[in-house]
Amino acid sequence: MHGPFQRDAAGILQTKLARGQISRRQFTTGMMMLLGTSALGLGTGPARAQSGQLVFVNWGGDAGPAYDAAYGQAFQEATGITVRQDGSGPTEGAIAAQAETGRPSWDLVDVDPFSAEALGKRGLMTPIDYDVVDRDKMRPGFGWEYSASSYFYSYIIAYDARRFGDNPPTSMADFFDVEKYPGRRAMYQWGVGMWEAALLADGVPRDQLYPLDLDRAHAKIEAFKEHVIGFWGGGADSQSLLMNGDASMALIWSTRAKLIEEDSEGEIGFIWNEGLIAPGAMGIVANNPGGADAAMEFIASAQDPEKQLVMFRMLGQGPANPAADALLPAEEARFNPVDPENFALQIPLDMAWYEEHYGAALDTYLGIISA
């Protein structure tokens with residue numbers, strides 16, 4: 001589900017470079033990728049693991065430079081192992097195709113936890129060794145058998161403060177209430193978080209969301225879709241629908257919150273209440289060529305809170321290690337989806353539910369929004 005989310009990282013980094021919020025040196029790594037330069041172990045095409053290196057497969061664009069700046073270069077200095085960034089996209093099907101050969105060319109993948117669990121049960125992912133990867137450096141409940149949490153983002157309400165500044169929305173019920181809060185809405189094309197939002201708006205208590213009542217959620221969405229101006233597939237689209245005044249509210253990725261507030265000079269606001277928290281994770285392909293031990297060491301090294309703050313500042317991703325929270329000043333912490341104050345207002349997505357139900361749920365959802 002987070003292929004579109006990760007691809008959105010490219011746009012975020014481009015914007016931050018233009019604003020001077022990241023250094024030219026950090027961005028240069030990305031330019032080398034685009035130009036096909038092999039320096040720093042980066043390349044534009046699919047990477048093949050070799051002796052003394054690991055291949056980390058992400059979703060392309062500028063995600064590779066961010067991972068290299070945050071984790072790859074430090075790991076190479078510490079171990080001598082080069083981490084090559086491959087942006088070809090680790091979809092569940094692509095990971096399965098790699099692992100099923102018995103001789104994969106990939107080592108590490110940026111993976112949805114529910115996909116990692118499904119693949120792991122088929123013998124296609126390596127179990128996380130929690131003697132190497134430290135559970136104490138994870139938020140409780142966010143370590144899985146076949147993947148380790150590495151970042152967080154949320155689906156949250158952003159709203160037009162020019163219209164609702166004196167009476168901002170406070171809940172998903174407000175998002176679905178076009179009488180109290182007139183105007184069109186924008187929602188996510190790929191379903192994630194939208195079922196939960198609909199059920200919360202329909203009165204389901206937050207601690208009783210799962211298992212999701214899909215019939216009830218889809219009925220709520222179908223009745224509401226006439227008020228939706230657009231079902232966005234990327235963060236830039238969600239941002240433009242609000243900036244252009246097409247939508248008075250949108251459910252957006254939290255990684256866009258800071259950008260949209262800055263771009264609008266405060267005319268677009270956002271709230272954390274009843275946001276839906278989504279975890280990203282790192283996993284290891286079964287029989288990876290660089291060896292499970294080296295890959296496990298890389299995941300462990302990426303638990304360092306200072307390194308995770310690099311990802312937060314470059315891409316807006318909330319750190320997986322709770323020790324990072326105290327390192328952020330208040331002006332930055334308010335954009336962190338897993339800052340304790342923000343986390344307490346939200347509901348984590350249930351990865352076990354998504355593992356079992358996402359495919360069929362998405363098919364029905366797409367049928368409703370496209371009709």
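- Residues Tyr155 and Tyr188 bring their aromatic ring centres within 6.0 Å.
- For Trp232 and Trp253, the ring centers sit closer than 6.0 Å to each other.
- Checked against the 6.0 Å centroid threshold, Tyr181 and Phe175 do not count as a close aromatic pair.
- His218 places a side-chain N or O within donor-acceptor distance of the main-chain N or O of Leu214, the cut-off being under 3.5 Å.
- Gln303 places a side-chain N or O within donor-acceptor distance of the main-chain N or O of Asp134, the cut-off being under 3.5 Å.
- Within the 3.5 Å criterion, the main-chain N or O of Gly64 finds no donor-acceptor partner in the side chain of Asp68.
- Listed by chain and number, the residues in a ring-ring contact (aromatic ring centres under 6.0 Å, His included) with Tyr146 amount to none (sequence neighbours excluded).
- Tyr71 pairs by the ring-ring contact (aromatic ring centres under 6.0 Å, His included) definition with nothing, not counting sequence neighbours.
- Distance check: Lys137 NZ to Ser149 OG gives 13.0 Å after rounding to the nearest 0.5 Å.
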Criterion side-chain contact (heavy atoms from CB on, under 4.5 Å) on Thr126 and Val285, from CA distance to verdict
CA-CA 6 Å; Thr126 299; Val285 180; over 6 Å; no

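- Within 6.0 Å of CD on Glu331 lie more than 12 heavy atoms contributed by other residues, nucleotides or ligands.
- Under the 3.5 Å distance criterion, the side-chain polar atoms of Ser147 are left unmatched by any main-chain donor or acceptor of Gly283.
- Judged by distance alone, with hydrogens and angles left aside, the side-chain atoms of Asp112 form no donor-acceptor pair with the main-chain N or O of Ser115 at under 3.5 Å.
- Between Arg334 and Glu341 there is no salt bridge, since no side-chain nitrogen of the basic residue lies less than 4.0 Å from a carboxylate oxygen of the acidic one.
- Residue Leu54 forms a side chain to side chain contact (heavy atoms under 4.5 Å, CB included) with just one option from Ile81, Ile284, Thr82, and that option is Ile81.
- With respect to Lys121 and Glu355, a salt bridge is recorded, a charged nitrogen being found less than 4.0 Å from a carboxylate O.
- Under the side chain to side chain contact (heavy atoms under 4.5 Å, CB included) test applied with Ile299, the options Val132, Ile128, Asp129 reduce to a single match, Ile128.
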Let's go through Ile268 and Gln239 carefully: what are the C-alpha distance in whole Å and the side-chain angles of both, what is the deciding distance for side-chain contact (heavy atoms from CB on, under 4.5 Å) to 0.1 Å, and is it a yes or a no?
CA-CA 10 Å; Ile268 305 297; Gln239 191 165 334; over 6 Å; no

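- Within the 4.5 Å cutoff, side-chain heavy atoms of Glu145 are placed close to those of Glu117.
- A salt bridge is absent between Arg184 and Asp246: the closest approach of a Lys/Arg side-chain nitrogen to an acidic carboxylate oxygen does not fall below 4.0 angstrom.
- Residue Leu276 comes nearest to Gly193 through the heavy atom pair CD2-O, 3.9 Å, listed as atom of the first residue, atom of the second, then distance.
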Test side-chain contact (heavy atoms from CB on, under 4.5 Å) on Phe176 and Arg185 and set out the steps.
CA-CA 9 Å; Phe176 280 81; Arg185 305 294 198 257; over 6 Å; no

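- Side chains of Met125 and Val109 form a contact here, defined as non-hydrogen atoms less than 4.5 Å apart.
- The list of ring pair (Phe, Tyr, Trp, His ring centres under 6.0 Å) pairs with a residue in residues 317-341, not counting sequence neighbours, reads Phe270-Phe335.
- Between the OG atom of Ser105 and the CG atom of Asp86 there is a distance of 7.5 Å, given to the nearest 0.5 Å.
- Taking the six-membered ring wherever Trp is involved, the centroid distance between the rings of Phe75 and Phe298 falls below 6.0 Å.
- Note that the CH2 atom of Trp144 and the CZ atom of Phe114 stand 11.5 Å from one another [nearest 0.5 Å].
- Using a distance-only test at 3.5 Å, with no hydrogens or angles considered, a donor-acceptor pair links the side chain of Gln346 to the main chain of Pro337.
- Donor-acceptor pairing under 3.5 Å is lacking for the side chains of Asp174 and Tyr159.
- Looking at Gln308, its side chain does come within 3.5 Å of a backbone N or O of Ala302 through a donor-acceptor pair.
- Salt-bridge formation is detected for the pair Lys258/Glu262: a Lys NZ or Arg NE/NH1/NH2 atom is positioned less than 4.0 Å from an Asp or Glu carboxylate oxygen.
- Of the candidates Leu251, Ile260, Ile252, Ile252 is the only one forming a side chain to side chain contact (heavy atoms under 4.5 Å, CB included) with Ser238.
- Under the side chain to side chain contact (heavy atoms under 4.5 Å, CB included) test applied with Pro319, the options Met311, Arg139, Glu306 reduce to a single match, Arg139.
- The residues Asp202 and Arg216 are annotated as salt-bridged, a charged nitrogen and a carboxylate oxygen being separated by less than 4.0 angstrom.
- Within the 4.5 Å cutoff, side-chain heavy atoms of Leu328 are placed close to those of Phe312.
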